[in-house]
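First the structure, in the form of structure tokens, and then the observations on it.
Whatever order the structure lists them in is the order used to number ligands and atoms, beginning at 1. Heavy-atom basis, side chains included; hydrogens, waters and symmetry copies ignored. All residue numbers in this chain count up from 1 along the given sequence.
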Amino acid sequence: MRIAVIGSGSVGEGLARAWSALGHSVVIGSRSPESERMVSLVAEIGNGVEAAGLSASVTGADVIVLAVPWGAVEQSISRLGDVSGRVLIDATNPIARGLKLDVGHTSSGGERVAEWAVGARVVKALNIVDARLLDGRKLDGREISIPICGHDADAKRVVIALIAELGFDVVDAGGLDSSRLLEPLTLLMIRLSMKKSLGNEIGFRVLRE
Ligand SMILES: NC(=O)c1ccc[n+]([C@@H]2O[C@H](COP(=O)([O-])OP(=O)(O)OC[C@H]3O[C@@H](n4cnc5c(N)ncnc54)[C@H](OP(=O)(O)O)[C@@H]3O)[C@@H](O)[C@H]2O)c1
């Protein structure tokens with residue numbers, strides 16, 4: 001599968017590394033694809049990973065993943081060009097200064113993304129897992145659960161398969177409005193990780209028979 005990961009930070013790099021190692025064709029969409037940092041990053045990851053500008057990166061991509069800071073989301077989407085009909089994973093969190101949600105309760109970052117990425121088939125996913133765990137390692141002998149949500153069943157099928165390949169337990173949490181529930185969970189994770197000193201090797205698991 002051809003995957004365009006938008007953003008070359010912790011999440012973008014982690015996903016590029018993990019999916020390319022599984023044989024997917026990954027391009028990192030960056031504001032500066034020709035910078036020294038990007039050239040050495042893609043060389044270091046290897047596995048055929050490429051870097052490109054934002055609009056070039058999504059050409060021919062089966063799946064687009066947004067992995068940029070919340071303040072850059074709307075502008076990054078506008079720089080992708082026409083994304084109608086495309087499967088778009090929103091891995092971002094609408095976190096504002098002071099570790100507060102910029103939007104919540106009656107809307108969500110995921111729903112805003114769907115408004116900005118006109119016609120895209122948006123799936124909220126991967127926003128809760130720490131980027132350092134994107135290699136899909138198990139915790140306490142179990143896979144970490146990754147809740148996902150979105151309105152398009154076919155898009156969700158594609159995303160569920162891609163995330164399961166990384167070694168996660170994927171849980172379908174319903175329509176895109178469930179982003180209102182998934183985004184605050186990130187703040188809980190950050191609080192547990194930093195303020196309660198549980199470290200970064202923590203994750204959620206949905207237990208079921
Ligand atoms: N870190 C985590 O553990 C984690 C886990 C799950 C979800 N998330 C969410 O995923 C998103 C990305 O997180 P991250 O930790 O990967 O962020 P990051 O390390 O700060 O990287 C974000 C990347 O976005 C690109 N970008 C585009 N516009 C930008 C701007 N105005 N300012 C800064 N960077 C800009 C940059 O790549 P270029 O310079 O190449 O354009 C940058 O490397 C966030 O919304 C975050 O809440 C993070």
Side-chain angles (χ1 to χ4, degrees), residues 3-19 26-45 49-58 64-80 88-104 108-113 116-117 122-137 139 144-149 159 162-163 166 168 170 179 181-194 198-204:
I3 305 168
V5 180
I6 311 304
S8 63
S10 315
V11 174
E13 177 187 338
L15 288 174
R17 206 176 280 287
W19 274 322
V26 179
V27 55
I28 300 176
S30 169
R31 293 167 300 171
S32 49
E34 282 153 19
S35 65
E36 226 173 274
R37 185 182 84 83
M38 284 307 297
V39 170
S40 56
L41 177 66
V42 297
E44 188 267 310
I45 297 176
V49 171
E50 300 162 43
L54 268 67
S55 68
S57 71
V58 300
I64 302 165
V65 187
L66 268 184
V68 299
W70 177 244
V73 170
E74 184 174 8
Q75 194 191 30
S76 300
I77 291 172
S78 74
R79 291 177 63 181
L80 298 179
L88 191 154
I89 298 177
D90 172 26
T92 72
N93 285 298
I95 296 177
R97 281 170 75 91
L99 277 184
K100 292 189 170 70
L101 287 181
D102 193 37
V103 54
S108 62
E111 290 160 282
R112 290 276 165 85
V113 165
W116 294 328
V122 177
V123 179
K124 185 94 204 174
L126 293 164
N127 67 307
I128 300 164
V129 65
D130 190 291
R132 288 162 287 200
L133 301 175
L134 287 171
D135 56 7
R137 86 189 72 154
L139 298 179
I144 298 170
S145 294
I146 302 282
I148 67 136
C149 65
V159 173
L162 272 180
I163 297 177
L166 294 176
F168 294 113
V170 193
S179 302
L181 308 174
L182 301 190
E183 290 163 4
L185 272 180
T186 301
L187 292 185
L188 175 60
M189 286 294 281
I190 293 171
R191 189 164 289 202
L192 292 175
S193 174
M194 292 164 68
L198 292 185
N200 60 283
E201 295 210 326
I202 58 173
F204 288 114

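Regarding atom 36 (C) of ligand 1, its nearest protein heavy-atom neighbour is Arg31 NH2, 3.6 Å. At the top of the distance list for atom 3 (O) of ligand 1, counting protein heavy atoms only, stands Ala131 N, 2.8 Å. Nearest protein heavy-atom neighbour of atom 17 (O) of ligand 1: Ser10 N, 4.6 Å. For atom 28 (N) of ligand 1, the closest non-hydrogen atom on the protein side is Ala72 CB, 3.3 Å.
Proximity to Ala67 (heavy-atom distance under 4.0 Å) selects the following atoms of ligand 1: 11 (C), 12 (C), 22 (C), 23 (C), 24 (O). Applying the 4.0 Å criterion to heavy atoms of Ser30 picks out, from ligand 1, the atoms 38 (P), 40 (O), 41 (O). Annotation for ligand 1: atoms under 4.0 Å from non-hydrogen atoms of Gly9 are 16 (O), 18 (P), 19 (O), 21 (O), 23 (C), 42 (C), 43 (O).
Taking distance alone, with nitrogen or oxygen atoms compared against 3.5 Å, Ser32 stays at or beyond that limit from ligand 1. Among the atoms of Val11, some N or O lies under 3.5 angstrom from an N or O of ligand 1. The N/O atoms of Pro69, backbone and side chain alike, include none that comes under 3.5 Å of an N/O atom in ligand 1. For the pair Asn93 and ligand 1, the shortest N or O to N or O distance falls below 3.5 Å.
Under the side chain to side chain contact (heavy atoms under 4.5 Å, CB included) test applied with Glu13, the options Val5, Ile28, Val42, Leu41 reduce to a single match, Leu41. Considering Asp102, Thr92, Asn93 in turn, Asp102 is the only one that fulfils the side-chain hydrogen bond (donor to acceptor under 3.5 Å, both in side chains) rule with Trp70.
Contact between Ala52 and Pro33 at its shortest, heavy atoms only, is C-CB, 3.5 Å. In terms of heavy-atom proximity, Ser30 sits nearest to Ser8 at OG-OG, 4.4 Å. Here the shortest heavy-atom pairing between Val159 and Ile89 reads CG2-CG1, 3.7 Å. Closest approach of Ala16 to Val49, counting heavy atoms only: O-CG2, 4.0 Å.
Neither the backbone nor the side chain of Ile95 has any atom closer than 4.0 Å to an atom of ligand 1 (non-hydrogen atoms only).
For the residues Ile6, Asp130, Leu41, Val129, the heavy atom positioned nearest atom 5 (C) of ligand 1 is part of Val129. For atom 6 (C) of ligand 1, the nearest non-hydrogen atom from the set Asn127, Asn200, Thr92 belongs to Asn127. For atom 11 (C) of ligand 1, the nearest non-hydrogen atom from the set Val68, Thr186, Leu15 comes from Val68. Of the options Ser35, Ser193, Ala91, the smallest heavy-atom separation from atom 9 (C) of ligand 1 is shown by Ala91.
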>> Let's go through Leu139 and Leu133 carefully: what are the C-alpha distance in whole Å and the side-chain angles of both, what is the deciding distance for side-chain contact (heavy atoms from CB on, under 4.5 Å) to 0.1 Å, and is it a yes or a no?
In response: CA-CA 10 Å; Leu139 298 179; Leu133 301 175; 4.2 Å; yes
Legend entry - Trp116 and Val73: CA distance, side-chain angles, deciding distance, side-chain contact (heavy atoms from CB on, under 4.5 Å) verdict: CA-CA 9 Å; Trp116 294 328; Val73 170; 3.8 Å; yes
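Using modelled atom types, no side-chain atom of Gln75 and backbone atom of Ala72 make a donor-acceptor pair closer than 3.5 Å.
Remark: distances from the non-hydrogen atoms of Leu126 to ligand 1 include one below 4.0 Å.
Salt bridge present: Lys124 and Glu183 bring a charged side-chain N and a carboxylate O closer than 4.0 Å. A salt bridge is defined here as a Lys NZ or Arg NE, NH1 or NH2 lying under 4.0 Å from an Asp or Glu carboxylate O, and Arg79 with Glu74 fails to meet this definition.
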